[in-house]
Undergrad: 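Dropping the structure in here first, questions after.
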Amino acid sequence: MIGEPNWIVEGSFDRLLPQPATSSTGTVLSAQFSTSEILKGRASQTLSYANGLLGPTIRANTGQTVNVSLQNNLSEETNIHWHGLILPENMDGHPKDVASSGGTLQYALPIIQRAGTYWYHPHPHGLTAKQVFMGLAGMFIVNDEEEAALNLPGGEFEIPLIIQDKHFEGSNLDYSPTPDEIMSGYMGEQVTVNGMHAPYFNVATTWYRLRILNGSTARVYKLAITGGLQMHIIGSDGGLLRSPETVAEILLGPGERLDVLVDFSQVGVGKEVFLVSNSFSEFNVQGRQSFKLMKFKVDRAVSFGFTLPSVLSNISVIDHMHAVNTRTFDISAMAGGEGGHGGTMGRHSINGRTFEMDRVDETVAAGTTEIWEFDNMMGDEIHPMHIHGVQFQVIHRMGGRNKIIASEKGWKDTVLVMPGEKVKVIMTFPEYTGVFVFHCHNLEHEDDGMMLNYKIE
């Protein structure tokens with residue numbers, strides 16, 4: 001199996017984990033060419049919103065309006081989608097709302113939702129995967145009073161972790177998927193955390209809060225921590241769960257987030273543990289390997305403690321009896337035809353349709369509740385499905401894993417639908433009207449046409 005393509009190559013875990021700068025309202029993001037030492041001792045050209053790789057972590061409070069300016073210094077169009085935030089149509093980052101090379105966009109983001117770990121990335125059609133892969137992404141953290149009352153680990157004990165896999169040709173970061181890689185998703189051999197391959201992070205003998213984002217274009221991770229450490233999941237895409245969910249390992253698809261507490265007091269000073277991805281499938285090449293992502297070094301003892309709350313948040317369950325409609329989307333079929341993006345457009349589809357910028361595929365009424373079913377029962381590819389403009393609840397999974405997993409027991413905006421699975425989600429659409437998209441967050445699939453428009457009216 002060592003000869004398989006995209007087989008992960010681990011590093012030396014001897015460089016300190018970088019922490020993205022923190023920003024707030026008034027942030028200026030310049031999409032630009034940059035350089036970064038992703039691999040040890042080897043500089044590569046990247047794309048960046050800052051100097052290096054990845055953008056700043058933007059922090060906001062519920063009730064605040066965050067203003068962000070985008071300056072496009074690339075040679076192609078770009079924009080920003082605020083993944084997970086419920087925003088007006090013209091602020092969401094629809095593929096039609098882009099800045100050409102040299103242009104600018106102004107975003108005013110009213111934060112009307114609860115605390116959570118969200119993120120931002122480009123969304124120009126046909127270019128999304130490349131721009132994200134090359135470095136355009138960042139975390140967006142929202143805080144509120146409910147979360148603050150829990151006194152969760154913060155400051156130096158709260159660590160954002162953006163996980164991405166990368167492919168290199170020599171020292172250079174390389175995005176050049178073949179037709180087969182567009183089919184499966186583009187996967188690299190080196191896994192980075194916060195833009196660095198194989199980093200380490202020094203921790204004390206206490207609790208830490210890890211905000212984890214799978215920012216890869218296609219790769220799924222089954223995360224665990226060595227040494228028998230458990231992960232206490234306190235939040236997912238849309239913020240806090242009702243109560244902590246304690247797991248030894250958890251599957252995380254592209255676009256999904258985890259908010260996890262880990263107690264490093266169980267590890268002795270001077271000892272090391274690793275964040276790893278365990279194997280999860282014999283049938284998919286990316287699921288056959290287990291590998292290390294980063295190292296935690298316990299380098300000091302501290303005397304203060306933390307007690308894991310038994311109750312985190314009040315989550316109102318949406319009553320399925322309130323649903324005015326149920327829509328089923330076949331995400332297993334392939335559509336024929338060729339298109340304008342590498343000649344591959346049209347192979348990945350939803351209900352046999354591929355994306356057209358000006359066509360509205362579904363229409364929903366503002367303020368109403370619907371059930372959407374994503375059917376991958378006959379499929380053989382992994383599809384993380386993301387709906388813009390709304391947070392939903394996962395209510396049923398048939399086939400495959402055949403259950404709702406720990407991280408799906410709260411609010412979500414992206415749900416992983418494995419081959420042989422059918423997943424139902426329920427949501428109440430906001431009062432914001434206009435056209436939004438929903439798509440596969442395997443970004444190669446998205447750019448290949450696996451995206452549709454829906455209109456709230």
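Excluded from the calculations below are hydrogen atoms, water molecules and symmetry mates; all remaining heavy atoms, backbone and side chain alike, are included.
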Undergrad: Using the rule given for side-chain contact (heavy atoms from CB on, under 4.5 Å), can you reason through His232 versus Glu245, listing the C-alpha separation, both sets of side-chain angles and the distance that settles it, and then say yes or no?
TA: CA-CA 6 Å; His232 306 277; Glu245 296 280 339; over 6 Å; no
Undergrad: Could you go through the salt bridge (charged side-chain N to carboxylate O under 4.0 Å, His left out) check for Glu356 and Lys96 one step at a time?
TA: CA-CA 10 Å; Glu356 289 186 15; Lys96 71 180 186 303; over 6 Å; no
Undergrad: Taking Asp259 first and then Arg257, would you say they form a salt bridge - that is, a charged N and a carboxylate O separated by under 4.0 Å?
TA: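 No, this pair does not count.
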Undergrad: I'd like to check Gln393 versus Met427 (side-chain heavy atoms, cut-off strictly below 4.5 Å). Are they in contact?
TA: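 Not touching, per the 4.5 Å side-chain cut-off.
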Undergrad: Are the side chains of Phe374 and Thr328 in touch, meaning some heavy atoms are under 4.5 Å apart?
TA: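 SC-SC contact between Phe374 and Thr328 ruled out.
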Undergrad: Side chains of Leu452 and Phe438, heavy atoms from C-beta outward: is any pair under 4.5 Å?
TA: yes
Undergrad: How close do Val132 and Pro122 get, counting heavy atoms only, and between which atoms?
TA: CG2-CD, 3.8 Å
Undergrad: Is there a donor-acceptor contact under 3.5 Å from the side chain of Thr25 to the main chain of Asn67?
TA: yes
Undergrad: When you look at CG of Asn402, are more than 12 heavy atoms from neighbouring residues, nucleotides or ligands closer to it than 6.0 Å?
TA: yes
Undergrad: Do the two ring centres, one from His445 and one from His439, sit under 6.0 Å apart?
TA: no
Undergrad: Decide side-chain contact (heavy atoms from CB on, under 4.5 Å) for Gln19 and Leu17; before the verdict, give the C-alpha distance in whole Å, the side-chain angles of both, and the deciding distance to 0.1 Å.
TA: CA-CA 7 Å; Gln19 290 294 307; Leu17 176 78; 3.2 Å; yes
Undergrad: Compute the ring centroids of His441 and Trp119, then answer whether they are less than 6.0 Å apart.
TA: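 That pair passes the under 6.0 Å test.
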Undergrad: Between the side chain of Thr368 and the main-chain N/O of Ala365, is any donor-acceptor distance below 3.5 Å?
TA: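 Flag set: sc Thr368 to bb Ala365 pair under 3.5 Å.
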Undergrad: So, applying side chain to side chain contact (heavy atoms under 4.5 Å, CB included) with Tyr118, which one of Leu85, Ile58, Leu213, Ile141 is it?
TA: Leu85
Undergrad: Hey, does the Lys NZ or Arg CZ of Lys222 hover above the aromatic six-ring of Phe280, less than 6.0 Å from the centre and inside 45° of the axis?
TA: no
Undergrad: Is Thr104 reaching over with its side chain to a backbone N or O of Leu70, donor-acceptor style, under 3.5 angstrom?
TA: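 The answer is no, because no donor-acceptor pair under 3.5 Å joins these two groups.
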Undergrad: Within this structure, what is the CD1-OG1 distance for the pair Ile163 and Thr192, rounded to the nearest 0.5 Å?
TA: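 The OG1 atom of Thr192 is 9.0 Å from CD1 of Ile163, to the nearest 0.5 Å.
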Undergrad: Is any side-chain heavy atom of Leu136 closer than 4.5 Å to one of Leu74?
TA: yes
Undergrad: Take Glu408 and Arg397, measure what salt bridge (charged side-chain N to carboxylate O under 4.0 Å, His left out) needs, and give me the verdict at the end.
TA: CA-CA 11 Å; Glu408 295 173 339; Arg397 174 179 281 106; 2.8 Å; yes
Undergrad: Taking CE in Met378 as the centre, count heavy atoms belonging to other residues, nucleotides or ligands within less than 6.0 Å. Is the count above 12?
TA: no
Undergrad: Got a second to check how far Leu109's CG is from Ile86's CD1, nearest 0.5 Å?
TA: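 Reported value, rounded in 0.5 Å steps: 13.0 Å.
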Undergrad: Which heavy atom of Gly420 sits nearest a heavy atom of Met377, and at what distance?
TA: O-SD, 3.2 Å
Undergrad: Are Pro244 and Leu312 side-chain neighbours, meaning at least one heavy-atom pair lies under 4.5 Å?
TA: yes
Undergrad: Looking only at atom types and distance, does a side-chain atom of Asn351 sit under 3.5 Å from a main-chain N or O of Asp330, one as donor and one as acceptor?
TA: yes
Undergrad: Here's a test for you: under ring pair (Phe, Tyr, Trp, His ring centres under 6.0 Å), which of His386, His388, His123 qualifies with His83?
TA: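 Running ring pair (Phe, Tyr, Trp, His ring centres under 6.0 Å) over His386, His388, His123 with His83 returns exactly one hit, His386.
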Undergrad: Quick check: do Ile233 and Leu258 have side-chain heavy atoms less than 4.5 Å from each other?
TA: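 Result yes, sub-4.5 Å side-chain heavy-atom pair found.
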Undergrad: Once you measure the plane-to-plane angle for Tyr107 and Trp82, does it fall in the parallel (<30°), tilted (30-60°) or perpendicular (>60°) bin?
TA: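 The rings of Tyr107 and Trp82 stand perpendicular, inter-plane angle above 60°.
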Undergrad: Run Glu76 and Lys130 through salt bridge (charged side-chain N to carboxylate O under 4.0 Å, His left out) and show every step you take.
TA: CA-CA 11 Å; Glu76 60 194 20; Lys130 181 185 77 170; 2.8 Å; yes
Undergrad: After noting the C-alpha distance and the side-chain angles of Thr354 and Arg347, does the key distance pass the side chain to side chain donor-acceptor pair (under 3.5 Å) rule?
TA: CA-CA 8 Å; Thr354 55; Arg347 297 190 302 173; over 6 Å; no
Undergrad: Going by salt bridge (Lys or Arg N to Asp or Glu O under 4.0 Å), name the residues that satisfy it together with Lys412, two or more places apart in sequence or in a different chain.
TA: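 Lys412 satisfies salt bridge (Lys or Arg N to Asp or Glu O under 4.0 Å) with Asp237, Glu256 only.
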Undergrad: Should the heavy atoms of other residues, nucleotides or ligands under 6.0 Å from NZ of Lys455 be counted, would the total exceed 12?
TA: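 It does not: Lys455 NZ has 12 such atoms or fewer within range.
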Undergrad: Any donor-acceptor pair under 3.5 Å linking the side chain of His383 with the backbone of Ile331?
TA: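 Present.
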Undergrad: Before you tell me yes or no, could you show the steps for Phe33 and Ser48 under side-chain contact (heavy atoms from CB on, under 4.5 Å), namely the whole-Å CA-CA distance, both residues' side-chain angles and the distance that decides it to 0.1 Å?
TA: CA-CA 6 Å; Phe33 295 96; Ser48 176; over 6 Å; no
Undergrad: Just by modelled atom types, is the Gly103 backbone N or O under 3.5 Å from a matching donor or acceptor in the Ser100 side chain?
TA: no
Undergrad: With a 4.5 Å limit on heavy-atom distance, are the side chains of Pro430 and Val390 in contact?
TA: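 In contact.
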Undergrad: Take the angle between the ring planes of Phe429 and Tyr454 and call it parallel below 30°, perpendicular above 60°, tilted in between.
TA: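 Judged by the thresholds at 30° and 60°, the geometry between Phe429 and Tyr454 is tilted.
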Undergrad: Do NZ/NE/NH1/NH2 and the carboxylate oxygens of Arg219 and Glu444 come within less than 4.0 Å?
TA: no
Undergrad: Salt-bridged, Glu373 to Arg327, with N to O below 4.0 Å?
TA: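 No.
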Undergrad: Would you name the heavy atoms of Pro254 and Val220 that are closest together and state the gap between them?
TA: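 Scanning both residues completely, I find the closest heavy atoms to be CD-CG2, 3.9 Å.
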Undergrad: What do you reckon, is CD of Gln106 surrounded by more than 12 foreign heavy atoms closer than 6.0 Å?
TA: yes
Undergrad: Any side-chain to backbone donor/acceptor pair from Asn194 onto Ile162? Under 3.5 Å, distance only.
TA: yes
Undergrad: How many angstroms lie between OG in Ser349 and CE in Met450, if you round to the nearest 0.5 Å?
TA: 7.0 Å
Undergrad: For the CG atom of Asn79 and the NE2 atom of His121, what is their distance to the nearest 0.5 Å?
TA: 9.5 Å
Undergrad: For the side chain of Thr217 and the backbone of Tyr186, is there at least one donor-acceptor N/O pair under 3.5 Å apart?
TA: yes
Undergrad: State, to 0.1 Å, how close Asp447 and Ala129 come at their nearest heavy-atom pair, and which atoms those are.
TA: OD2-N, 2.9 Å
Undergrad: Classify the angle between the aromatic ring planes of Phe355 and His94 as parallel (below 30°), tilted (30 to 60°) or perpendicular (above 60°).
TA: tilted
Undergrad: Which value, rounded to the nearest 0.5 Å, describes the distance between Gln391 atom CD and Ile318 atom CD1?
TA: 10.0 Å
Undergrad: Is there side-chain contact between Phe133 and Asp174, with heavy atoms separated by less than 4.5 Å?
TA: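 Phe133 vs Asp174: side chains apart.
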Undergrad: How long is the straight-line distance from CZ of Arg353 back to CG of Asn453, given to the nearest 0.5 Å?
TA: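 Spacing of CG (Asn453) from CZ (Arg353) equals 10.5 Å.
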Undergrad: Working note: Glu147 + Arg209, criterion salt bridge (charged side-chain N to carboxylate O under 4.0 Å, His left out); need CA distance, chi angles, decisive distance, verdict.
TA: CA-CA 13 Å; Glu147 181 196 63; Arg209 181 179 189 173; 2.6 Å; yes
Undergrad: So, does Thr57 use its side chain to make a donor-acceptor pair with the main chain of Met139 at under 3.5 Å?
TA: no
Undergrad: What's the verdict on side-chain contact (heavy atoms from CB on, under 4.5 Å) for Cys440 and Met385, showing C-alpha distance, side-chain angles and the deciding distance?
TA: CA-CA 5 Å; Cys440 180; Met385 298 305 297; 4.0 Å; yes
